[in-house]
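Have a look at the structure below before the remarks.
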Amino acid sequence: MKLYNTLTRKKEDFVPLEPGHVKIYACGPTVYNYFHIGNARPFIIFDTLRRYFEYLGFKVTFVQNFTDVDDKMITRAEQERTTLAELGERFIMEYFKDAEGLGIRAATVHPRATQHIGEIISIVRTLIEKGHAYVNDGDVYFDVQSFPDYGKLSGQSAQDRMAGARIDVFEQKKNPEDFALWKAAEPGEEGWDSPWGKGRPGWHIECSAMSMKYLGDTIDIHAGGQDLIFPHHENEIAQSEAATGKPFARYWLHNGYININNEKMSKSKGNFFTVRDIAEKYDLSVVRLFMLSAHYRSPINFSEELIAQAASAMARIKNCRDNLKHISQSGASGETNVASHITALKARFRQAMDDDLNTAEALGVIFEFIREANQLFESSKDADAAAEVLTALDNVLEVLGLLPKEDKIPERVEELVKKRQEARAARDYAAADGIRDQILSLGYTLKDTPDGVKISKT
RNA sequence: GGCGCCAUAGCCAAGUGGUAAGGCCAAGGUCUGCAAAACCUUCAUUCCCCGGUUCAAAUCCGGGUGGCGCCUCCA
């Protein structure tokens, strides 16, 4: 499998440190609010990466943190007159609700920053001892000049950035590019005791601490949004490698941005969609399909029109599965040869995914397979062959996290369908149409097809 | 000032040297008590522009135009 590594700016063959085992750390959400579709993109992409590794037979240890202490958390907690712990707990629960709708599986571990204060303090202490960090009035800063490799991920040296002269100079820092490892608590602010006084961790150090704790000093893949390349990931590399003397992560993966109606999503513009907003109108699997229909590194645009397009495409997948399922339960036999189609599907799907997780191409392969399946079973109703095709289709859909959840048809609806069939047989179409309306009012849509009646959730 | 990305049909999007995947929309057809849906077929001689390399370029090189991101909390 090839993956584009931001560190080398090339697609590289992926080779795990430990054969058969992939260790991934993905930067997770700050839990001060519902997450938005911009956040959703990396969650979906890297969940898909994890699923694909498992499909290939790897064991995957996938760590995604919750940032439950930072400026935004503190501000929000003050506004709501609550504690960091309560606020964090609440939005962690909300994260899992939205994640489930999007088909994002729970990570192997979801560590929280506030539960790793001890580990964080320990790394900061090591950095001070090794001369990579210094204390100033309760704050601790990383000394960027002490780490010559600084800039290797973002491709920018400290001097390059200085040319922009847009970095504020704080007199507490030796150099403007130094960053906080530990911040002293403001009066009245929540904090933790440390050797440097009461305070809280800086933003970057938590990821280093939790990655090392759960995955070891060197991991295979560290992932996140492109905007995290600098400074967040650059700083993680500096503090981690300075502390351990070992490489921190071997492959760095970054997903592209989402724009809203061709504009950068921002709160000041008000063009802001949370996943929760979208869930009011669309099944969230549509959002997942939308995200996977372009390459993960490309910037993508989000709009009402585009999500509607994705919804239509999702319906095509569902219809094909419904048809196959129906035929597979028909009991009809036949001689349909599906083996070559299935072999081709698997090979082409894998080829696409092996190429830096080209989900757009993988979806193309799946849609071609769907058309082939529709053609094959248009006339021949071979139950066993349909079941085989459905299984093959479901396997690849599952890797992409797009396998639709089964709608359970309530008994009441089943009864009505039966009654309607009787009415139709008796040519009492007025009664039949009345029953169809009843079924609709229960939230199910009924369709007459050449293969019989089909019911689906409206 | 530095670092980087992108430009393919009405809309979205794959394709990095061998003659344009796929989805949406649209049109035609099949099926159907009706309705709706579904399914099938068709839909880019051409890939922002100008040069160049090559037997061969959407793909490589040079130049241009247009759009965008990061360097500051941010997925």
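Numbered from 1 within each chain, the chains take letters A, B, ... in sequence-line order.
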Going by purine N1 to pyrimidine N3 plus the second Watson-Crick contact, or the G-U wobble pair, all under 3.5 Å, which nucleotide sits opposite [N]?
| N | answer |
| --- | --- |
| B:rA9 | none |
| B:rC25 | none |
| B:rC60 | B:rG52 |
| B:rA38 | B:rU30 |
| B:rG1 | B:rC71 |
| B:rA14 | none |
| B:rA20 | none |

Look at all strands and tell whether [X] reaches a base, only sugar-phosphate, or nothing, counting heavy atoms closer than 4.0 Å.
| X | answer |
| --- | --- |
| A:G38 | base |
| A:R420 | base |
| A:R424 | base |
| A:H295 | sugar-phosphate |
| A:I258 | base |

Expressed in angstrom and rounded to an integer, what is the separation of [X] atom [atom1] from [N] atom [atom2]?
| X | N | atom1 | atom2 | value |
| --- | --- | --- | --- | --- |
| A:K381 | B:rA38 | NZ | C1' | 11 Å |
| A:I229 | B:rG4 | CD1 | C1' | 9 Å |
| A:K318 | B:rA37 | NZ | C1' | 15 Å |
| A:R9 | B:rC5 | CZ | P | 7 Å |
| A:L292 | B:rG22 | CG | C1' | 14 Å |

- salt bridge (charged side-chain N to carboxylate O under 4.0 Å, His left out) involving A:E304 - partner list, sequence neighbours excluded: A:K281
- Task: Tell me, please, which residues at least two apart from A:E241 pass salt bridge (charged side-chain N to carboxylate O under 4.0 Å, His left out).
- Result: A:K152
List, one per line, each side-chain donor-acceptor pair under 3.5 Å for residues 433-441 of chain A, sequence neighbours excluded.
unit_1	atom_1	unit_2	atom_2	d
A:D433	OD1	A:R436	NH2	3.4
A:S441	OG	A:Q438	O	2.6

- Nearest-nucleotide comparison on RNA chain B, the residue closer to the 5′ end among A:Y4 and A:T30: A:Y4
- Message: Return whichever of A:H232 or A:R348 has its heavy-atom-nearest nucleotide of RNA chain B closer to the 5' end.
- Response: A:R348
- Message: Under 3.5 Å, is there any donor-acceptor pair linking the side chain of A:D433 to the base of B:rG33?
- Response: yes
- Is any N or O donor-acceptor pair between the side chain of A:R436 and the base of B:rA35 shorter than 3.5 Å? yes
- Any donor-acceptor pair under 3.5 Å from A:D382 side chain to A:T336 backbone: yes
Between [X] and [N], is there a side-chain N or O to OP1/OP2 distance below 4.0 Å?
| X | N | result |
| --- | --- | --- |
| A:N255 | B:rA75 | no |
| A:S298 | B:rA14 | yes |
| A:N301 | B:rC12 | no |

For [X] and [Y], take the angle between the two ring planes, folded into 0 to 90°, and tell me which bin it lands in: parallel under 30, tilted 30 to 60, perpendicular over 60.
| X | Y | result |
| --- | --- | --- |
| A:Y251 | A:F14 | tilted |
| A:F35 | A:F43 | perpendicular |
| A:F230 | A:Y150 | perpendicular |

Considering only nitrogen or oxygen atoms on both sides, find all protein atoms under 3.5 Å from nucleotides 27-30 of chain B and state each distance.
none

- Message: Suppose the criterion is side-chain hydrogen bond (donor to acceptor under 3.5 Å, both in side chains): which pairs have a residue in residues 388-401 of chain A, not counting sequence neighbours?
- Response: A:R51-A:E398, A:R321-A:D394
- Note on the structure: For A:H341, the ring-ring contact (aromatic ring centres under 6.0 Å, His included) test, sequence neighbours excluded, returns none
- What residues 360-375 of chain A contributes to the RNA chain B interface at heavy-atom separation below 4.0 Å is A:A360, A:E361, A:G364, A:F367, A:E368, A:R371, A:N374, A:Q375
- Query: Tell me, which pairs form a salt bridge (Lys or Arg N to Asp or Glu O under 4.0 Å) where one or both residues lie in residues 220-232 of chain A, sequence neighbours left out?
  - Reply: A:D220-A:R250
Under 3.5 Å, which protein N or O atoms sit close to an N or O of nucleotides 65-70 of chain B? Give each pair with its distance.
unit_1	atom_1	unit_2	atom_2	d
B:rC70	OP1	A:K264	NZ	2.4

- Message: I'd like to check the side-chain contact (heavy atoms from CB on, under 4.5 Å) partners of A:S211; sequence neighbours left out, ordered by chain and number.
- Response: A:Y25, A:L215, A:I219, A:F248
- Message: Could you check whether any side-chain heavy atom of A:Q145 comes within less than 4.5 Å of a side-chain heavy atom of A:K174, counting everything from C-beta outward?
- Response: no
- Query: Counting side-chain heavy atoms from CB outward, which of B:rC24, B:rG15, B:rC73 is closest to A:R316?
  - Reply: B:rC24
- Which residue pairs satisfy the ring-ring contact (aromatic ring centres under 6.0 Å, His included) criterion with at least one member in residues 293-315 of chain A, sequence neighbours excluded? A:F273-A:F302, A:F290-A:F302
Restricting to nitrogen or oxygen on both sides, can you table the protein-nucleotides 8-10 of chain B pairs closer than 3.5 Å?
none

- Below 6.0 angstrom between ring centroids: does that apply to A:F179 and A:Y141? no
